[in-house]
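Naming: A, B, ... by sequence-line order, numbering from 1 per chain.
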Amino acid sequence: MRFAFTDDQIAFRDAVKDLLSKECPPEVVRAAWPDGTDDHGARKGEGARADADRVAKVWSDLAEMGVLGVAVAEDHGGLGMAETDWVLLAEETGYAALPHPFVETACVVAPLLSETGDGDGVLGELVDGTRQAGAVSLNGSLVAWGDAVTYLVALDRRGGEDGWSARRITGGVALGDDEHHRRHLADALDAGRHLVQLGAWKADATLGDTDAARRAFDRGALGTAAQLVGLGRRMLDLTVEYAAERRQFGVPIGTQQAVKHHLANVAMGLRFAAPAVYAAAWSMATGSPNASRDVSAAKSLASDAARTAVRNTLQCHGAIGYTVEYDLHLYLKRAEALSRAWGNAAWHRRRVGDALDI
Amino acid sequence: MRFAFTDDQIAFRDAVKDLLSKECPPEVVRAAWPDGTDDHGARKGEGARADADRVAKVWSDLAEMGVLGVAVAEDHGGLGMAETDWVLLAEETGYAALPHPFVETACVVAPLLSETGDGDGVLGELVDGTRQAGAVSLNGSLVAWGDAVTYLVALDRRGGEDGWSARRITGGVALGDDEHHRRHLADALDAGRHLVQLGAWKADATLGDTDAARRAFDRGALGTAAQLVGLGRRMLDLTVEYAAERRQFGVPIGTQQAVKHHLANVAMGLRFAAPAVYAAAWSMATGSPNASRDVSAAKSLASDAARTAVRNTLQCHGAIGYTVEYDLHLYLKRAEALSRAWGNAAWHRRRVGDALDI
Amino acid sequence: MDLTWSADEEQFRAEARTWLEAKLAAWRARHDNRILSGDTTEGFAQHLDWERTLFDAGYAAVSWPTEVGGRGASRWEWLIFEEEYYRAGGPQRVTQNGIFLLAPTVFEFGSPEQQAHILPRMASAQDLWCQGWSEPNAGSDLASLSSRAVRDDERGGWVLNGQKTWTTRGAFCTHLFGLFRTDPASERHRGLTYLLVPLDLDGVTVRGFGRLDGDEGFAEVFFEDAFLPDDALPGGVVLGGVGEGWSVAMATTSSERGLTLRSPGRFCATADRLVNLYRERSKDPDALDPGLRDRVVQGWIAAEAYRWQTLQTVTDDAEGRSAGAASSFVKLWWSELDVALHETALDILGAEAELDNVWSKGWQFALSGPIYAGTNEIQRNIAAERVLGLPRK
Amino acid sequence: MDLTWSADEEQFRAEARTWLEAKLAAWRARHDNRILSGDTTEGFAQHLDWERTLFDAGYAAVSWPTEVGGRGASRWEWLIFEEEYYRAGGPQRVTQNGIFLLAPTVFEFGSPEQQAHILPRMASAQDLWCQGWSEPNAGSDLASLSSRAVRDDERGGWVLNGQKTWTTRGAFCTHLFGLFRTDPASERHRGLTYLLVPLDLDGVTVRGFGRLDGDEGFAEVFFEDAFLPDDALPGGVVLGGVGEGWSVAMATTSSERGLTLRSPGRFCATADRLVNLYRERSKDPDALDPGLRDRVVQGWIAAEAYRWQTLQTVTDDAEGRSAGAASSFVKLWWSELDVALHETALDILGAEAELDNVWSKGWQFALSGPIYAGTNEIQRNIAAERVLGLPRK
């Protein structure tokens, strides 16, 4: 029994953390927000913008570091690592609110293709960062970074855990097929996610068996859970700093018990979600029969912890947090979006309930 | 439109409040707790005891004031008053944690018999206080003050709102028929409720139609909701007083924001439950088609408000509230018991959902 | 107790309902059924058109006397109108900060000349008022504000310096009402004056900026030696006396915290829509979490409780039993209810919740409720201290 | 990361499981399958019988060295034993305040002579220790205590005066460990001494009183010129030095707040029983609110999260990465989890919840969790200040 990461895993995490803190600061996250007004007339991401080239650079830097191929077999050009190796990296991409489909590309599609033979021959491009992958799950139709992804997979479940399927989406009014649907970003809460709404689509073939599909979905939920923990920590860090500085009634607001208790609750949720996320990574990495149950437990805890963080950190900021000029909203909206992506907390609890046979 | 009680209604309430504050202080509530140890070896109500005669006296005093016949027609010897007249009285019996079946006798069974002809000829005794009535509802089998009541009604619902029935329980191993089951108090959370567990029973006849039965149940839920509001207010009063006096860290604990917020939440819950309870009384009194829905909304709000009061007032007291020597537990346990009696909050919300056709 | 409406009131309701239905449809049609947020440049103009439609029918400020642009409706009729307004899907009132926050203060503290000038122009949306309370260092702690007005007797007016911020719809308004420090030696809530300021003065700069949802709902207002002449408005620019700003403002603030800004109609309408959403979506029960029905009903009941509580409060008020500081409970209730109703809707919508729609936009708006008009933490302090009597220190 | 148990550990688990099953059944049979609460006079005697059964097999304090009555088990084995103990339905340990609160302090601060005397007698339940921390005016504010011990060099000992209260199981214990003010001029946390006090001294009066559930779980302990001779215990009655009481006590308090008192086994077992209760009751789905399943699963997951978090903490501890003040989060989590698990069970039970049973008694017990060992409000302050670094004042 040893519940801790190896020194190598920590070192890799630290390297990615360093890279993201330099190359993906708030102004880069902000630069990924679309310019101009949306259909409602609002300028959602308004504020100082970084050079848009920097947005692309983060992704190629990550590719260079090998991060995008972390879960791809070595003979496919990856690092051949397991969930326990990348879960901390996913957490850091959450902390940075990385404006790219890291989970979909590196945690879901690339390892799925690596496992099922890469019949479409795209794995090399996914690993070297020249192509991004997307994934929709649970009959969803919203593709994150749908204007950029050029390889799209649907992960669905029909009739219980044995009914999982992974299909490549190719035809119909799917991504890229139809100029009207292509690159038209939906107006959404987190415009930095570049959501594209998928129309009716078709699939030409199934990728792998039901087990591979289930594991692909579980990796998506796990990676998202890790990102939520990272996002929660970012919101907490921002708020602790603000609460120590901001003065009202002659004292820093952080001296107020109400503020302390709000933030203690945020920290508590994250402190108990994180080990569950790491344990789920271990269950996945070791092929535990409880892997799906553990992933679902982790995602529900992480979703709930992130939502507590959203509510409490906004409240502790007050009006300044309620503006798009201040950075909090970048992380807050990502967290709110991801808390429902890949199954919300209640969906995952129902799955745990099924596993517990109740 | 006028959402307020009449001067007469307030005056009657004040008279009952005065009576109960004199005749039903905590030591009288405590005197109603059984002496000695229970089956687990615990002495649950331990502490200073009042003369047990005082327990009986409150009931006869209430009878003398006409309170027990408040909802009985004048030609049956009652005051012929409506729900809006007695809802505040019920609230006061909650505030006092009156150790008698006020709701069952005065709000449920007496008006039911008054309406359905009093075939058993017991109404006079119910009104003059020489007999107490009990009621079980929703397939329940626990009779409050089951050692004292000698007229027992079952109110059940089968298959929706049209399936209500009111039956007098007479045969089987019911109350009073069998020495073994009679007066054997069940060990329970609130020993002051003198719960008796009913065995298999039979009924000889149905009292009134389905509508009369439904209204009898609704009056039970309404009276209990009012008692819960009263109990919540009592717990709040006790705690505000304690928090202003008790000093820790050199200041009254009531200066701590955490204590303030706990108690503000208690007060808020009660402030919004109370009008819903009064509005439900009005709906009942005027035969509104929404009466059952309004009663259920009121009971769910009152149950939730009382539970918040239970949790928060205990927490604000700390260890002293966690003893049977201090009075808080008398009200706290009654509130916890009544929050589930006559349908818990979730049951009543399901009933409101049915009424909303969802 | 009588919880029924009189025949006259029912008549008032029926008229309002018919009128709203027709006029809202016509308004939408005039704008190609594409109504933008009132907190954007284009949307604000659409909403002004709606405000003038309301005014023409005497519905802009139903409870005001007809002389100043209202309809002389009773408090009860006002509640009825609000119920109908939100039931019909009427939009947020872009004039609300004037009508619901400034106007009560003008009625209480304004001179007859001020009332005669300000109120009709406000009701008709000729003058558009925004609130100048908060400053960068004075949010929850309003008494710490530092924007100052220096008397210039020679020119006959005030010289304004400082900055206001989080000024709702400031970028679209013509006038600002706010507190300025007129006694430079004063501290906290002393030495403040309530001033009425046209925003087109030289030295006043308004910069709109985005709220959480990106709408330009906020503005910063900068005052740099801006000269405010005494005759900028007929009857003068001081409301309620020099140095009296705090107590005058508190009257407005308690309006903001109290009944007027948030009538139950808005929340009951939202709750009804939530019930409808659930009814629609539960046709496919597999897609919904079974716990959601309970949450929907809980929201509906809480909105209903708010309605009952309001009817009780209005009665008490009419009969001289004032609620006083109890308005803190009201603000806590509606603001947390609004978040809960929208959060439940988002959970029903599932993945769709991420897309902009009435519920997701409404959720973002609801999140401001526990913050503005005194954070809910401060409201809980007030409730505990002033209503329950817990010790301050 | 390796979340599997070694073959030796699995062997340890299997032995414990077999032993517990057999011995618990035998113990219950010895008492006619009528086990009373350990906090009643009759029940305490039954539980002492159980404690001695544990001791005889080396299971009373598995992680202690064998020389002082333990089994020399690793921290991991201790966790395994606790899991098996609660899974088997083992009773609350009536010796726990000695074994889990005093013993860690004796290991850290006790002289070899004190250790050799106190620990084996504690493990074997010959001496039964209760905690003398709280006083009527010193609950959450422990540093304000005023019970005093005056040095009497002539007689060679201490004269005790004052009162302790809320002393768990004080009425059944033989010894008390607690803090006494030995420097009369001192204030707050200075000038205190950690004393070990036999309760049969002249001048010591113990009065048991009822906890919320009526069990005599609390006692008041009165000291009236009670003389505590230095040789009342071999090695002396002072633990850790005169005047050092506060820092010595904080070591114990952090044990109380940390891992040792509340191993995840207890909550995982409760969660498993809750799952079983739901499975049983959901056979009649009409009787159950559909939202209950979600709450059951939520409780189960939270218990599981506690287990993972504990495994992480034990690893960190073993590898020298101390959790420090983070134990406040642990106390918050398990105490609120315990209430939630029991509340959910009561809601499943419906009307039956009112009757005494394992869930309703457990619920009352759970309500003490957010209060004792530092209220949850104080724990949140500590977590915010010491872990997050928010300013104290």
Side-chain angles (χ1 to χ4, degrees), chain B residues 1-6 9 84 236-237 239-241 243-244 251-257 259-269 271-283 285-286 288 293-294 296-298 300-301 304 345-346 348-358, chain C residues 1-6 9 74-76 79-80 272 274-280 282 293-298 300-302 304-316 318-319 321 326 328-330 332-333 336-337 376-377 379-385 387-393:
Chain B
M1 181 64 64
R2 178 177 188 274
F3 196 127
F5 291 95
T6 64
Q9 285 163 338
T84 37
L236 182 60
D237 286 352
T239 312
V240 166
E241 195 182 335
V251 292
I253 61 170
T255 60
Q256 303 283 353
Q257 228 171 38
V259 171
K260 285 181 183 167
H261 290 197
H262 280 328
L263 297 182
N265 287 341
V266 173
M268 177 171 68
R271 269 174 182 261
F272 283 84
V277 171
Y278 306 152
W282 183 84
S283 292
T286 57
S288 159
R293 188 193 73 185
D294 292 345
S296 280
S300 77
L301 285 163
D304 285 345
H348 282 285
R349 282 196 292 269
R350 278 194 281 169
R351 194 175 184 219
V352 172
D354 293 343
L356 294 174
D357 190 26
I358 59 171
Chain C
M1 193 170 292
D2 175 11
L3 306 186
T4 54
W5 300 107
S6 68
E9 285 160 346
S74 72
R75 198 79 179 274
W76 298 117
L79 281 177
I80 291 170
D272 284 340
L274 180 64
V275 167
N276 289 336
L277 177 72
Y278 181 85
R279 192 182 292 121
E280 186 59 37
S282 61
R293 185 180 190 242
D294 188 64
R295 285 173 59 199
V296 170
V297 174
Q298 206 162 352
W300 186 88
I301 289 174
E304 192 76 357
Y306 186 39
R307 197 168 73 84
W308 296 128
Q309 198 272 351
T310 304
L311 295 175
Q312 190 185 39
T313 302
V314 173
T315 304
D316 284 351
E319 299 181 1
R321 296 182 295 273
S328 287
F329 289 111
V330 175
L332 290 167
W333 190 267
E336 294 177 3
L337 167 61
N376 283 13
E377 288 71 25
Q379 301 293 353
R380 286 188 161 86
N381 290 348
I382 293 173
E385 291 165 9
V387 182
L388 301 182
L390 286 170
R392 271 168 180 257
K393 280 290 162 201

Quick one: which of Ser288(B), Ala281(B), Ala244(B), Ala267(B) has the most heavy-atom pairs under 4.5 Å with chain C, could you say? Ala267(B)

Which atom of Thr315(C) lies closest to which atom of Ala4(B), heavy atoms considered: CG2-CB, 3.8 Å

Please report the closest heavy-atom contact between Arg2(B) and Glu319(C), naming both atoms and the distance. NE-OE2, 2.6 Å

Examine whether an atom of Gln298(C) lies under 4.5 Å from a heavy atom of chain B, and if so say whether it belongs to the side chain, the backbone or both; otherwise answer neither. both

Most heavy-atom pairs under 4.5 Å with chain B, out of Leu332(C), Val296(C), Asp294(C), belong to Asp294(C)

Measure distances from Arg293(B) to the heavy atoms of chain C and classify the residue's part below 4.5 Å as side chain, backbone, both or neither. side chain

Test of understanding: with side chain to side chain donor-acceptor pair (under 3.5 Å), list the residues that count as partners of Thr4(C), not counting sequence neighbours. Asp2(C)

Quick one: CD on Gln312(C) to CZ on Arg271(B), what's the gap to the nearest 0.5 Å? 9.0 Å

Drop me the distance from Arg349(B)'s CZ to Arg293(C)'s CZ, to the nearest 0.5 angstrom. 11.5 Å

Polar side-chain atom of Arg279(C) near backbone of Leu356(B) as donor-acceptor pair, under 3.5 Å: yes

To the nearest 0.5 Å, what is the distance between OG1 (Thr6(B)) and CE (Met1(C))? 9.0 Å

Working to the nearest 0.5 angstrom, can you tell me the gap between Gln379(C) CD and His261(B) NE2? 10.0 Å

Can you name the nearest heavy-atom pair linking Ile358(B) to Tyr278(C), along with the distance? CB-CD2, 3.8 Å

Please give me the minimum heavy-atom distance between Ser300(B) and Ile301(C), naming the atom from each residue. OG-CD1, 3.4 Å

Report yes or no: does Lys260(B) contribute a side-chain atom to a donor-acceptor pair with the main-chain N or O of Ile382(C) at less than 3.5 Å? no

In terms of heavy-atom pairs under 4.5 Å with chain B, which of Glu9(C), Glu304(C), Glu377(C) leads? Glu377(C)

For Leu388(C) and Val240(B), the nearest pair of non-hydrogen atoms, with its separation, is O-CG1, 3.4 Å

Under a 4.5 Å heavy-atom cutoff, which of Val251(B), Asn265(B), Asp304(B) has the most pairs with chain C? Asn265(B)

For the student: nearest non-hydrogen atoms of Asp294(B) and Trp308(C), plus distance: OD2-CZ2, 4.4 Å

Does any heavy atom of chain B fall under 4.5 Å from the side chain of Trp333(C), the backbone, both, or neither of them? both

By ring pair (Phe, Tyr, Trp, His ring centres under 6.0 Å), which residues pair with Phe5(B), not counting sequence neighbours? Tyr278(B)

Name the orientation class of the two ring planes belonging to Tyr306(C) and Phe272(B) (parallel below 30°, tilted from 30 to 60°, perpendicular beyond 60°). tilted

Check whether Glu336(C) gets within reach of chain B through its side chain, its backbone, both or neither, counting any heavy atom under 4.5 Å. side chain

Value for CG (Asn381(C)) from OG1 (Thr255(B)), rounded to nearest 0.5 Å, stands at 11.0 Å

